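What follows is a short report on a single structure.
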Amino acid sequence: MKQLLVFIRKEFYHVFRDRRTLLIMFGIPIAQILLFGFALTSDVKNAEIIIADHAQDINTGQITAKIKASTYFLVKEANINTNDIEAAFKKGGLKCVVIFPSRFGADLLHNGKAQVQIIADGSDPNTAKTLTNYLTAIITDYQLQISAATALPYSIVPETRMLYNENANGSLNFVPGVLALVLMIVCTALTSVAVVREKESGTMEILLVSPFKPVMVLIAKAIPFLALSIAIFTLILLLSVYVLDVPIKGSISLLYIESILFIITCLSLGLLISNTTNSQQTALLLSMMGMMMPTLIFTGFMFPLENMPRIFQVISNIVPARWYFLIVKAVMLKGLGFEYVWKETLVLAGMTAVLLAIALKNFKTRLS
Amino acid sequence: MKAVTLKNITKTYDKGKVLAVDDVTLQIDRGELFGLIGPDGAGKTSVFRILTTVLLADKGSASVDGFDVVKDYQSIRRRIGYMPGKFSLYQDLTVKENLGFFATLFGTTIEENYALIKDIYEQIEPFKNRRAGKLSGGMKQKLALCCALIHKPEVLFLDEPTTGVDAVSRREFWEMLKRLKQQGITILVSTPYMDEAVLCERIALMQNGKIMSVNTPQHIIATYPVPLYAVKSGNIYKLLNDLRKSELVESSFAFGEYLHVTLKNNDAAGAGNLRNHIAAQGHTNIEVSVMAPTIEDSFIRLTNKKQGSFAQA
């Protein structure tokens, strides 16, 4: 027991004396959270648009005022010539043009029907779609407003609500994703590197020759990273709550227990990788490429799994991060209890057991 | 009971393609300072790894301190000290932390066996708070030796402990080994340096996975079968080429400023004939003298004999 404690202390020395590792461990989560939170957002804010109002009547004025009031747009009013629109798009910056024809108000009042043209820069389809949707919504809203007086015979008013995320905060989806990603990187990569480093420096030979049980080497290596991962997990939670305004709706202790389970999954993977490689580079490449890419793609926080071909959906089932992502989303964002995530937990626990068993069984008590 | 025995040990790598250890049989007595001498790639490290139970042999059996290296590997691991060739300690731990770690790992404390390492540790104690990575090569080796000794092993395995260490530190290191031997520890040490061979009690000369000769260094030198001449002239490079072509000469190798030469006919007139022969080829400042062979001469002779370039002497 004393041996194990001393071994663990030694591992902490390694971590704290290696600035690079420390930077990776605590830099990556902070960078990821800030990047995903502020830079890589799919929300559109302050998009530059031009409103060309050829009518200049009451109705166009009211619509323009409504559009201006929204934080999505940065409105410029100009009588842009139809021929110049393309040039303006090509120059960049401009995202969308709204054109009211000269008899807009008159048509609306007398014919009961008016047209407005919305031209968006389709080279960025996501933004274009979002902007046209926003604009259409504003115009529809205005239409309802003016027809209220005349009382349409039938009217359907969709009342939409974004449940669990009323403000459409984009951070909600990726916080669980980043959690999965960061824990994967830190636990898997750093654990495998820590074991392989002993092989590279020749100290593994001594450890093997010592009476210390070889399997205990793995445990001693894993425990510090387990502790550090829990610290990192806490850091990410704090960042998401206080910086990104993502609330924790469910039980924090359940969240911790599930996360510790996932951390153990990642540690087992790291140990498994370290068993099969002899150089730190290979170990790092394996864990980064072999683990990061599947985590990014198959977890479902960047690309919806439902849109993938069937085969990829099947493959995604063997990615541990996918199940963790589901659990975190359910517990953290929806506030659900264990009774709703026990299936995912069981899958994750099963994976952990298998990985850990293989890792321990494959750990060599000799060099080859 | 012998401290170490190897019986017909064979080890191959890459599924039998590379033969590292070829049918080696060897016995080492208790309390002996035994040297495994051979160039890089001779198979020394493989022998060490088999004996320290971190590698399994393909064929043959071996035991350390009476325990079988396969069956009783755990008992062996408690009884031996091992300093691997590329052992570099934990570079980011201090001297004291390294020593303390290995002491605990082997279930002891620095204080308990301090007497054993006192002589060595005192030399590095002024740097005990320095990180191991910042030590000089010689000091690193001393620290590594302390770490291998801290649990008072019965048998100590040192794989090329002096490689990459300066001459003064090497000499000091061998002094330390002699003192350890007096404490009754069996020491098996490997080295590619022939000059260190004479510092061992017995040596095994190893080449291409085979052991060519096992004996005391003195005996190996004494049984050098033919007279050996040290030869020198004004143009040493031309002399070497001339002698290698000469019909009188059996072998000729450059050693420092002299050539070590053996002749095909070993009669009393050998030296005179050789001098005349060299003079006839236009060399000046000729020196020819009979010399005492070194281990390296024996080693080269044994190696060449194996390869069949000598007539059986």
Side-chain angles (χ1 to χ4, degrees), chain A residues 1-25 190 193-221 223-225 228 275 278-280 362-368, chain B residues 11-15 20 45-46 48-58 64 69-70 73-94 97-98 100-109 131-133 144 147-148 150-151 153 155-157 159-160:
Chain A
M1 199 57 209
K2 194 183 167 221
Q3 290 164 320
L4 187 65
L5 288 179
V6 170
F7 207 122
I8 291 170
R9 193 181 65 195
K10 177 197 81 111
E11 292 305 317
F12 274 112
Y13 284 151
H14 286 321
V15 173
F16 288 121
R17 287 177 190 180
D18 185 358
R19 298 253 161 78
R20 245 183 335 174
T21 314
L22 265 190
L23 198 70
I24 292 176
M25 292 192 84
L190 295 183
V193 165
V195 177
V196 173
R197 186 167 46 203
E198 300 260 1
K199 290 194 195 174
E200 266 189 1
S201 69
T203 41
M204 193 52 129
E205 246 173 297
I206 300 280
L207 297 183
L208 286 180
V209 169
S210 79
F212 196 57
K213 284 219 168 50
V215 168
M216 295 300 267
V217 175
L218 288 191
I219 292 171
K221 287 269 168 198
I223 286 177
F225 286 104
L228 287 166
N275 282 347
N278 282 320
S279 86
Q280 291 188 48
N362 276 12
F363 186 75
K364 294 165 193 131
T365 52
R366 295 192 162 84
L367 280 179
S368 59
Chain B
K11 174 73 195 172
T12 59
Y13 293 106
D14 286 342
K15 300 193 177 88
T45 298
S46 296
F48 270 75
R49 287 185 171 163
I50 289 167
L51 289 175
T52 51
T53 77
V54 291
L55 203 61
L56 289 175
D58 295 354
V64 175
V69 291
V70 182
Y73 73 95
Q74 273 162 334
S75 308
I76 293 181
R77 289 179 180 187
R78 272 195 292 274
R79 284 175 168 78
I80 58 169
Y82 178 32
M83 190 170 140
K86 62 170 186 175
F87 182 33
S88 49
L89 303 151
Y90 294 106
Q91 308 283 329
D92 50 348
L93 298 193
T94 65
E97 284 164 352
N98 265 299
F101 173 71
F102 285 108
T104 316
L105 201 63
F106 282 88
T108 178
T109 57
R131 293 193 184 173
C147 291
I150 190 67
H151 58 291
V155 187
L156 185 59
F157 293 91
D159 191 7
E160 301 203 7

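Each chain gets a letter, A, B and so on, in the order its sequence line appears, and its residues count up from 1. Bear in mind the structure is a predicted one, so any value in this text is a computation, not a measurement.
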Open item on the list: To the closest 0.5 Å, what do you measure between OG1 (A/T203) and CZ (B/F102)?
Closed with: 6.5 Å
Task: B/R79 portion near chain A, given a 4.5 angstrom heavy-atom threshold - done: neither
- [ ] Describe, in one word, how the ring planes of B/F101 and A/F7 are oriented to each other, choosing from parallel (under 30°), tilted (30 to 60°) and perpendicular (over 60°).
- [x] perpendicular
Task: Exercise: identify the closest heavy-atom pair between A/E205 and B/V54 - done: O-CG1, 4.1 Å
TODO: Kindly give the heavy-atom pair with the smallest separation between B/I80 and A/V209, and that separation in Å.
DONE: CD1-CG1, 3.7 Å
Task: Interatomic distance, A/L208 atom CG to B/T53 atom OG1 [nearest 0.5 angstrom] - done: 8.0 Å
Open item on the list: If I compare all heavy atoms of B/T104 with all of A/K2, which pair ends up nearest, and what's the gap?
Closed with: CG2-O, 4.1 Å
Open item on the list: I need the residue from A/L5, A/L207, A/D18 with the largest number of non-hydrogen atom pairs under 4.5 Å to chain B.
Closed with: A/L207
- [ ] Specify the closest pair of heavy atoms between B/P84 and A/G202, including all atoms of both residues, with the distance to one decimal.
- [x] CG-O, 4.1 Å
TODO: Taking all non-hydrogen atoms of both residues into account, name the closest pair between B/L105 and A/Q3 and its distance.
DONE: O-NE2, 2.8 Å
TODO: Drop me the distance from B/Q74's CD to A/K213's NZ, to the nearest 0.5 angstrom.
DONE: 6.5 Å
Open item on the list: For a 4.5 angstrom cut-off between non-hydrogen side-chain atoms, does A/H14 reach B/L93?
Closed with: yes
TODO: Write down the atom of A/R17, the atom of B/T94, and the distance for their closest heavy-atom approach.
DONE: NH1-N, 3.9 Å
